[in-house]
Every structure is written in C-alpha cells, then in structure tokens.
Amino acid sequence: MATTSFSKLLSQNPFLSLLQNARTASQIFQIHAQLICRALMSDSFVASRLLFAACELSNPSSIHLTAAYAELIFSQVHHPNTFFWNTIIRFHSQTSNPLRALLFFSQMRKSGIFTDNYTYPFVLKACASMPGRREGVVVHGEVVKRGFDEDLFVRNGLISMYCRSGDVELGMMLFDGFRSRDLVSWNSMIAGYSMCGKMGEAQKLFDAMPERDAFSWAILIDGYGKKIGDVRRARELFDAMPDRDLVCWNSMIDGYSGLGMMGPARELFEAMPERNVISWSILIDGYIRHGDSKEALNIFQQMLRHGMKPDKISAVGVISACAQLGALDQGRWVHFYLKKNRILFDVVVQTALIDMYMKCGSLDLARRLFDNMRERSIVTWNVMIVGLGANGYEAEAVELFDQMEKEGTLMDDLTFLAVLTACTHAGLVAKGWEIFDRMRSDFGITPKAEHYGCIVDLLGRAGRLHEARNVIETMPMKPTLTLWGSLLAACRTHRCVDLAEVSVEQLKNLGADDSGVYVLLSNIYAEEGMWDDVWRIRKLMCARGMKKEVGRSVVEVNGRVHEFVNGDVSYLEIFSVLWSLSNNIALT
DNA sequence: ATAGGGTTAG
C-alpha cells in the first residue's frame, strides 16, 4: 500500500486515525463496535487496520485473548486482502503458534489471494520455529520463483529459517551469496552458529562484521555462556562491550546460573542498573535448578516487595519451587494470584500447578484442574500419571494410560516410565510387562535404560530375580550402575545371597564406590547371619573413607519454609514449628 | 537478530 493512498484513506475514514492512536484494548473494542454498527467491517482495509492495532497491543500474558480476538475479526471480514492475511499470519508466527500461521498461509493461497514480499518473512519465521518440517524448503522455492529473494527482509528470513532448522551451512551459503547485507543478516548468521554451539565460526563473523549493535554482543554472550558453558569468555565480552543493555545483563546472569554459579549470578543481579521480570525469573529458576528452592521462594517474595508483577513464566518457576518444597499454601497463593490478576494460564502453567498439587498431596485439586483443561500436552498427562502413582493410586495411573491409548493421545518415553513405575510400585507385574513389551511395537518408542531399570525393578520386587538378571544381561545398551543396584536391592528383600554377590561384582566392575552399595550388601550378610562378611565390608568402607549421606528435610508451616539438616538441629526452630502446628490443629 | 517456563524411581 503506497503511502499517498494511505494518507488519503486516513482523511476519508476517521476510524483509521482513531485506530492508529488506540492504546488500550477497550479503545479498540469501542472502535470495533462502531465499525460493526456502521457496517464498515466489510471494508477489508479498515478491518486490517483494526487487526493490526489489536496485534500491536498483544503482550505475552494476554496472547490467548488476542488470538481469539484476531480470529473473531477474521470471521467478520468478507473479503480479506493481502494486508489482512499478512497481519494475521504475522500475529500467529510471532506468538509461537507457527502451525496456525502456516494454516492461514495455505488458506491464503487456496483463496487465490496475492502473496507479496511482506507475506514471506512471517511465513519463514513460522517454518523456522517448527524444525524438522520441510515446509521451509518449499517456501524457499516459491520465494525464488517470485523473485522475492532479492528482498533483504525475505533473505534474512531465509537465513534464519535454515539456521533454526539446523542447516547452518545452507544459511551460510545464502549469506555468502548476498550482494548486500545488513546488520540483521550478520546477526542472524552469528545467532545461527551460536545456536549450534559453533562459537569459533560465530566469533569469526563477529570480528569480521563492519559494525555491531547490542544484539550482536548479546548473541555472543548468550552463546558462550549457555551453549558451551564458557562463562569466562562470556564475561570478557560482557566487560568489553560499550553499551550494555538489559538483555546482555540477563544473558550473562543466565550463563552463570546455568552452571550453578549462583554467587556471581546474584552479584550481577544486585549490581544491574534495572531489572525486568525476566531478570527475576532467571535468578529464581537458577536457584530451583540447583537445588535451592527455598532461596527461590525468598527471591520471589523480594520480587513482590519490589513491586515487580510476576507473569505466567515466573509463576511457573515459583510453582515448581513450591512443588519441590511441598509448600502447598504458597502454591495455592500463586494460583489465586494468577486468577485475581487475570494472568491467563496456558498449558505449561496448568501443568506446573497440577504437578504442584500432586506433590503436595492435593489429588482432588490436581484432578479438578486436569478435568477442566481444554488443551493438554504430553507433559500434562505424564504429570498426572506420575502424581497418581506417587500418591498410591497406581490403578488410576494405569487407567489414565489406557485412556491415553484409547484417545490416541501422543505419548513419549516419560509416559512409559511413569506408567511402568506405577506398575512396579503396585506389583502389577503382568500389566507392566505387557506395556513394556508393546512399547516399541505398538507405540514406536524405543525403551531407554530407565525403562529397563523399571522392568528390572518390577521383576525384582516380584521375586523373579533370575528373569531380572536376564533382562540386564540381554538389554541392548550397557547396564548402568542403578540397574545392578536395583537388582541388589531386590536380592536383599528376597534373600538371595548368590545373585547379590554377582550384582556387587558387576557394580565394582562398573566403578561404583557408592557407600550405599556396601551398606546394602553388609545388611544382606547381616540378615543371613554372615558376620565375617559383614565386618569385611565395614572395614572396606572405612578404608575408603565412606560416610552416609546427610539427611535433610523441609517443612512448610504458615507459609514459612523450614529446613532441617541431620546433626545440625536448631531445637528452637523445631519447637516453634511444632508450636504453630499444634495451633493450626487446635484451630481446625 | 538477543534474555526466562512444566514431567523421572527410592
């Protein structure tokens, strides 16, 4: 659309300038209503501007709302023009709904609407976020046929598409073939190399490029830090760069926290000039991933005190911290907070909540959420199966698995791990064996070492020790330490000294020096009254300087999380916990 | 073209 005709249209239709200045959803809704009243929605140009304005307003936490709204507008337009289609494709490709974007693209072509050089960059972006699918190549062919590959915007889209679908070399060929390049071309290429960990190539391009902006630095810092764990090099770049922006700080902090270096991560976090939700999420997530969920909750409280509003992604972090700590009160609070602030849940948030309720033993709350979900992912089902199994409802876990099969829901290796674990737990030997047996043939999923582990456990617990040993010895991959370990454990319950010794021998061959193995073996000897052997093992352990792991436990009372470490006991704290517990009981 | 999210036994 040429600018002259646009300004002409603008003067003809007062709604267009209103739309351009609209800053809130309600302004847009009002204009929309007026357009409908005056039967102006059939004008596809006006409708396009409406959609465009709505898309500009969309932010990550209200995307569902806008997506539904975008489709509503779409359904009201009689003859959408190219600009309208482009806008809706752009919207879906930018809001991580590539499938929908491609669907609209194919509809666009089917209805014979002309595609232009603005259509393709967004289509390519959608292709890029669905690696493994070959649509991108087809689109590439079309782009070349139409001569759009001369357009820098389209060309950069092609580079990025190939880099993201794992074909960096092809991206580089296109890049080399360019007569002209801009900063985005260079940055896309560097991002491509950095994404697959080829930091040498990325660095070479970075050194060769005529000018750099904050993107270029951020891509490199992120690549060194997170992709290859060279946090020192990342820090060198971070210190060297001229104008650090928020993204660079965040990338650097994430680099540290990815390696568990929470000290430096925290230091940078405290030192940064400004923080956004992402900075807080990175820190929270870092603490969770490295086993300090309690500190993660502290950071979350601080975040609230600083007046920073959590969004759905930081909420997921807090919810999983609560899950790990069994902090039901705080988990419920976050759930309530999200509802109150109308932060829309997506599948991930709901799944995290289900997991949290399961881990806190609130099966009914978990179940209610699950039943009301309009869309479930593989992970959602897995979380449910794991949770039911872990809470002693193994039959229900298996039932859910059967339901998945009936409905044709996609499954993955973890689904099988979850259901097999449930079978093991409940001693459902026949059912477990059947599922394991059909895994590859009926579901096309190759059993991994963990699945063999489950089966060994299943057989071992049922006392079928020789079958278990047979599974270990005939499995296609090298048996892991845990496999022999679980056989050893089974040997203890079923008092089979022969096989126990075989297992220990194998464990030693595999280089185990886990004190647990020896404790277990010495217990087996002790139970059989073989005291000489017991002492032999004890001496061996002392000689190697082994100790038992320190026990620790965590409990939440009145929203506070207390951690107790074995041997390092604060009686005052225990007392106060007991006191508040007894108060709670008295109240209810 | 750059930064943050959910599932694994005892």
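Being a predicted model, the structure only gives us computed values, none of them experimental. Excluded from the calculations below are hydrogen atoms, water molecules and symmetry mates; all remaining heavy atoms, backbone and side chain alike, are included. Throughout, protein chains are lettered first and strands after them, A, B, ... in sequence-line order, and every chain is numbered starting at 1.
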Undergrad: Give the rounded distance in Å between these two atoms: CG of A:Leu268 and P of B:dA3.
TA: 18 Å
Undergrad: In whole angstrom, what separates A:Ile299's CD1 from B:dG5's C1'?
TA: 18 Å
Undergrad: Contact class for A:Leu414 vs. all strands (heavy atom < 4.0 Å): base, sugar-phosphate, or nothing?
TA: base
Undergrad: Any N or O donor-acceptor pair under 3.5 Å from the base of B:dG6 to the side chain of A:Ser377?
TA: yes
Undergrad: Students often get this wrong, so: under 4.0 angstrom with heavy atoms, is A:Val386 touching a base, only sugar-phosphate, or nothing?
TA: sugar-phosphate
Undergrad: When all nucleic acid strands are considered with a 4.0 Å heavy-atom cut-off, which category describes A:Ser486: base, sugar-phosphate, or nothing?
TA: nothing
Undergrad: Just call it for A:Arg289: base, sugar-phosphate, or nothing, with non-hydrogen atoms closer than 4.0 Å on any strand.
TA: sugar-phosphate
Undergrad: With a 4.0 Å limit, can you tell me whether A:Lys359 has a side-chain N or O closer than that to the phosphate oxygens OP1/OP2 of B:dT8?
TA: yes
Undergrad: Tell me: CH2 of A:Trp381 to C1' of B:dT8, nearest whole Å?
TA: 19 Å
Undergrad: Base, sugar-phosphate alone, or nothing: which one does A:Arg275 contact when heavy atoms must sit under 4.0 Å apart?
TA: nothing
Undergrad: Quick one: is A:Lys448 getting a side-chain N or O under 4.0 Å of the B:dT8 phosphate, OP1 or OP2?
TA: no
Undergrad: Of the candidate nucleotides B:dG4, B:dA1, B:dG5, which contains the atom at the shortest distance from the side chain of A:Val316?
TA: B:dG5
Undergrad: OP1 or OP2 of B:dG6 less than 4.0 angstrom from a side-chain nitrogen or oxygen of A:Arg376, does that happen here?
TA: no
Undergrad: Among B:dT7, B:dG5, B:dT2, find the nucleotide with the atom closest to the side chain of A:Ala218.
TA: B:dT2
Undergrad: Atom CD1 of A:Ile282 to atom C1' of B:dT2: distance rounded to whole Å?
TA: 12 Å
Undergrad: So, using side chain to side chain contact (heavy atoms under 4.5 Å, CB included) as the criterion, who are the partners of A:Leu428 when residues are at least two apart?
TA: A:Val398, A:Cys423, A:Ala426, A:Lys431
Undergrad: For the base of B:dA3, is there a side-chain donor-acceptor partner from A:Asn276 under 3.5 Å away?
TA: yes
Undergrad: Considering residues at least two apart in sequence or located in another chain, which fulfil the salt bridge (charged side-chain N to carboxylate O under 4.0 Å, His left out) criterion with A:Glu405?
TA: A:Arg438
Undergrad: Given atom CD of A:Gln94 and atom P of B:dA1, what is their separation to the nearest angstrom?
TA: 9 Å
Undergrad: Can you check whether any acceptor in the base of B:dG6 is under 3.5 Å from a donor in the side chain of A:Asn382, or vice versa?
TA: no
Undergrad: Please give, in whole Å, the distance from B:dT7 P to A:Met356 CE?
TA: 13 Å
Undergrad: Does A:His425 put a side-chain nitrogen or oxygen below 4.0 Å from OP1 or OP2 of B:dG10?
TA: yes
Undergrad: Report yes or no: is the cationic atom of A:Arg244 (NZ for Lys, CZ for Arg) under 6.0 Å from the centre of the six-membered ring of A:Trp217, at an angle within 45° of the ring normal?
TA: no
Undergrad: Ignoring hydrogens and geometry beyond distance, is the side chain of A:Asn250 in donor-acceptor contact with the base of B:dG4 at under 3.5 Å?
TA: no
Undergrad: Look at the side chain of A:Ala352 and decide which nucleotide, out of B:dG10, B:dA3, B:dG6, has an atom nearest to it.
TA: B:dG6
Undergrad: Would you say the side-chain atoms of A:Arg461 pair up with the backbone N or O of A:Gly427, donor to acceptor, closer than 3.5 Å?
TA: no
Undergrad: Answer with base, sugar-phosphate or nothing: what part of the nucleic acid does A:Val383 contact at a heavy-atom distance below 4.0 Å?
TA: sugar-phosphate
Undergrad: So do A:Phe215 and A:Leu183 actually touch side chain to side chain, heavy atoms under 4.5 Å?
TA: no
Undergrad: Mind checking if A:Asn156 touches a base, just sugar-phosphate, or nothing, with heavy atoms under 4.0 Å?
TA: nothing
